[in-house]
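For reference, the structure discussed in these notes is given below.
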Amino acid sequence: MDDDRYDSKTIEAKWQRVWEDAGAFHVPNPADPAAATRKTYVLEMLPYPSGELHMGHVLNYTLGDVVSHVRRRHGYAVLRPMGYDAFGLPAENAAIREGSNPRISTERNIEAIRRQIKRMGWSIDWAREVSTHEPEYYRWTQWLFLKLYDAGLAYRKEAPVKWCPNDQTVLANEQVIDGRCERCGAEVESRNLEQWMFRITDYADRLLDEMALLESWPERVLTMQRNWIGRSEGAEVTFHIGELDVDVPVFTTRPDTLFGATFFVLAPEHSLVEQLAERSPHADEIRAYARRAAARKGEERAAAVEKTGVFTGFYVTNPVNDAEIPIWVADYVLMEYGTGAIMAVPAHDERDFAFAEQFGLPIVHVVAPEDGEVEEGAAYVAHSENEVLVNSEQFSGMPAPDGKRAIVGWLGERGRGRPAVNYRLRDWLLSRQRYWGCPIPVVHCPACGIVPVPEEDLPVLLPEVEDYMPKGRSPLATATEWLHVPCPSCGGAAERETDTMDTFVDSSWYFLRYTDPLNDREPFDRGMVDYWLPVNQYIGGIEHAILHLMYARFFTKALNDLDLIGFREPFARLFNQGMIYRFGAKMSKSKGNVVSPDELVDEHGADAVRLYILFMGPADQDKEWQETGVEGTSRFIHRLWRVTHDELEREPTGVTTGTPLARKAHATIAKVTDDIERRFVFNTPVSAVMELVNDVSRTPDDPASRFAVETAVSLIQPYAPHVAEELWQRLGHERLWETAWPVADESQLERDTFELVVQVNGKVRDRLVVETGLPEDELVALALASPRVQAHLDGFEVRKTIVVPQKLVNFVVG
RNA sequence: GCCGGGGUGGCGGAACUGGUCAGACGCGCCCGACUUAAAAUCGGGUGGCCUCCGGGCCGUGCGGGUUCGAGCCCCGCCCCCGGCACCA
């Protein structure tokens, strides 16, 4: 190799081999987890092997790599594993597209991704590699499922569920975006099916409250999860239908407006609708309306400009005043939320008001602004602060919050209501009618019902089938030999469950498996998970703000309840990187705007690509890909190379303090360290090192040039580890990856002199170089002595003088 | 409608606790050096307007305010991105 030319290919291959041979990034588990060590767990979301890596992955894993390198060089044992989220729709659909078997295409993709990862030079502990589709892994996914089943947290239930007609499977609510399948974009349908669910709703409150245990999560993610859980406090109030002698509960957040309920509405899907229709003279009309409404999609119903509905001819009794109010059926009431029935208070609810207007129903005001006066001819009154109850018998005059409590209390005493909390969150539907997933380890026995597969029979292997195309029933059903088994309980003929698990089940515990990936007796060792977890820094895309991140939190809490782990939140700190756009759109194959990391690495080397992806801008913001951007960081590497080689021509002086270049180097150490560790920003450190290198090339005769060059090489190592290691070696050192992170000399951050800014009325009029530490009056005297300042003071009276030590003097004149 | 994030040169962005004429660093562009030439590389310039070349005025989405001083704080708007939404 020509020593004077930078060649990324040779250098990167060389150092990747060195690291591998040295086991540089392998971190063994401690023999005694109780012994205090400096350790940290840095984790990035694992990739789906449905294709190759894209620039989003490059950003994700380079971010994690910088954090890992810096922490390692601070003396931490860094757990930094990698794995593959191999099961699931994306991988299976990719296999179908290319007419290949999912296992074969997934494993081929894994190999390609592994090769890409190694080419990028990310510092990973390969001894901990896992893939969710391997029996050694999914055996424990099944084991955990059975633990949740035993605890009553996994159950089977028939319910209206979301069905994707294209992917031929049910979906979790979280996988439906604007009424469409998150994966393929097809419009989802509603079906009544018996499916496997996880009781995540039991954890709704803890998913909210235990956000307090998190060290640092982006506000937007917490907000999204709060919105998704959708907790609202109110009351359940029981209304009575005399004719049927049935009680109908409703949920309301406004029990204070109960006296204003002038009608009552059932969702078209409500079971009482048919019961009422049977006895009603308008039976046909009611049934026709219910059928019409059911046929409309939720979005259509929501978008309707005019409210629709039909009167049933029956009445219900308002429990607070025994008023008989008419029962209507209307599709603005949703069966999925609350109880599917509402009390309508048109004076204080916009939707009820619109309905009342449309059908000429009475409007009664029962809350008013604090003076208690209801405006003449008032219609709908928006909720406001300091309302008081009116027209509410003994409750009139109470401030609304008191009224709420009093009315709910009054109802409670009479058995007609109670405080209640309602959630938007639904249980997690986990079964899928697809081939490429973890088999659900239960057997259906005609005599015993659902029987869990005994632990010792795990894993239930995913059978080989000839045709794995989705057909609405799981392809596993065609594996007849696999399907028919004796019941583990009674020994009679039985059938295996043929649905597979949602891929999000696999990824809800993978971060635990990394701590003990080869364990064949249990999913993980309790001592090791408790030692490494919670993850100190988790990094991944915002697209998982709800899905994966909420499921993983749920799993962690459930496993904690089962006393399998000793912590309640999986990820202490979370960082979401922004999306990378090109030509104004998110990079995607279908839009044809992807930039291939491989091609960029071929052309510029992994170091230049790593530098650019972080230098582009704040890592958490979305940003536009710049075609010529990598050239800039590539040039920087060449410049660093040249500056280092120029330096090698000079005799080292040993000077590390006192010169302008020495001070710049110390300031750069301080800036880079603070940015990465405290501020968690990754673009400005690159700028700072560029400045340092620019300074070296401008002032090569500064005695501290060797120190400045070594500092630049050392600081850039987390970003560009290959070239840094090579230059470090040429500078006569070794193993930069385990060399202590540099520490700035505080005394070098202060200057003997500084530039004093002199302002007149807030405008800068002069800048003077003055000694550090002069008393204020001397600074003022020096400032007054400036002819430029005098020119602006001339003829005016100085009314006030502001002195900011180390910074400026401002004269206020007038 | 509710909640969260954001608006700075031709572009990506910087300014970290209100304090050095806002614009670091990089991209692009312009000029120069090297070259027969080009590329690469190196050096210089690059917010706008005016200029007697000293400098002056304007400028961080819009309008106000607080302050000696505001990109940063407060009030009222506009626009963009994301989440939730006939959720009772």
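So you know, we letter chains A, B, ... as the sequences are listed, proteins then strands, and number each from 1.
Qualifying side-chain hydrogen bond (donor to acceptor under 3.5 Å, both in side chains) partners for A:E306, counting only residues two or more places apart in sequence or in other chains: A:Q358. With sequence neighbours excluded, the residues forming a side chain to side chain contact (heavy atoms under 4.5 Å, CB included) with A:F680 are A:V67, A:Q537, A:F575, A:F682, listed by chain and number. By the side chain to side chain contact (heavy atoms under 4.5 Å, CB included) test, A:I177 is found to be paired with A:E182, residues two or more places apart in sequence or in another chain being considered. Applying the ring pair (Phe, Tyr, Trp, His ring centres under 6.0 Å) criterion to A:Y612, with sequence neighbours excluded, gives A:W625. Here A:T252 pairs with A:V237, A:R254, A:P255, A:M343 under the side chain to side chain contact (heavy atoms under 4.5 Å, CB included) rule; sequence neighbours left out.
A:P618 comes within 4.0 angstrom of sugar-phosphate atoms only, judged by non-hydrogen atoms across all strands, and of no base. Here A:R678 lies in heavy-atom contact (under 4.0 Å) with a base. Residue contacts for A:R639: at a heavy-atom cut-off of 4.0 Å it reaches the sugar-phosphate backbone alone, with no base atom in range. Using a 4.0 Å heavy-atom distance criterion, A:E691 is classed as a sugar-phosphate-only contact.
Separating the CE atom of A:M690 from the P atom of B:A14 is a distance of 14 Å, rounded to the nearest angstrom. Rounded to a whole Å, the CD atom of A:Q621 is 12 Å from the C1' atom of B:A14. One can place CD1 of A:I229 at 22 Å from P of B:C2, the figure rounded to the nearest angstrom.
In this model, a donor atom of one side chain and an acceptor atom of the other lie less than 3.5 Å apart for A:Y337 and A:S232. Using a 3.5 Å distance cut-off with no hydrogens or angles, the side chains of A:T201 and A:D427 do pair a donor with an acceptor.
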Under 3.5 Å, N/O pairs linking protein and nucleotides 66-69 of chain B:
from: B:C68; atom 1: OP1; to: A:K800; atom 2: NZ; distance (Å): 3.0
from: B:C68; atom 1: O2'; to: A:N810; atom 2: ND2; distance (Å): 3.4
from: B:C68; atom 1: O2; to: A:N810; atom 2: ND2; distance (Å): 2.5

Polar atoms only, N or O, under 3.5 Å: list the protein pairs with nucleotides 28-35 of chain B and their distances.
from: B:G28; atom 1: OP2; to: A:R635; atom 2: NH1; distance (Å): 3.4

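Rounded to the nearest 0.5 Å, atoms CG (A:L611) and CG (A:N683) are 12.0 Å apart. Taken from CD in A:E357 to CG in A:D352, the straight-line distance is 12.0 Å, to the nearest 0.5 Å.
Applying the salt bridge (Lys or Arg N to Asp or Glu O under 4.0 Å) test to residues at least two apart or on different chains, the pairs with a partner in residues 635-646 of chain A are A:E631-A:R635. Residue pairs meeting the salt bridge (Lys or Arg N to Asp or Glu O under 4.0 Å) criterion with at least one member in residues 325-340 of chain A, sequence neighbours excluded, are A:R296-A:D331.
Looking at A:M211 and A:R553, their side chains come closer than 4.5 Å, going by heavy atoms from C-beta outward.
Here A:R679 reaches the OP1 or OP2 of B:A15: one of its side-chain N or O atoms lies under 4.0 Å away.
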Quiz prompt | Sugar-phosphate or base contact per nucleotide [nucleotides 80-88 of chain B; S, B, -; heavy atom under 4.0 Å] | solution = ---BSSBBB
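With a 3.5 Å limit on both pairing distances and Watson-Crick or G-U wobble geometry required, the stems of 3 or more pairs in RNA chain B span B:1-7 with B:78-84, B:10-12 with B:25-27, B:28-33 with B:41-46, B:47-50 with B:55-58, B:61-65 with B:73-77.
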Donor-acceptor list for residues 258-265 of chain A side chains, cut-off 3.5 Å, not counting sequence neighbours:
from: A:T262; atom 1: OG1; to: A:P362; atom 2: O; distance (Å): 2.8

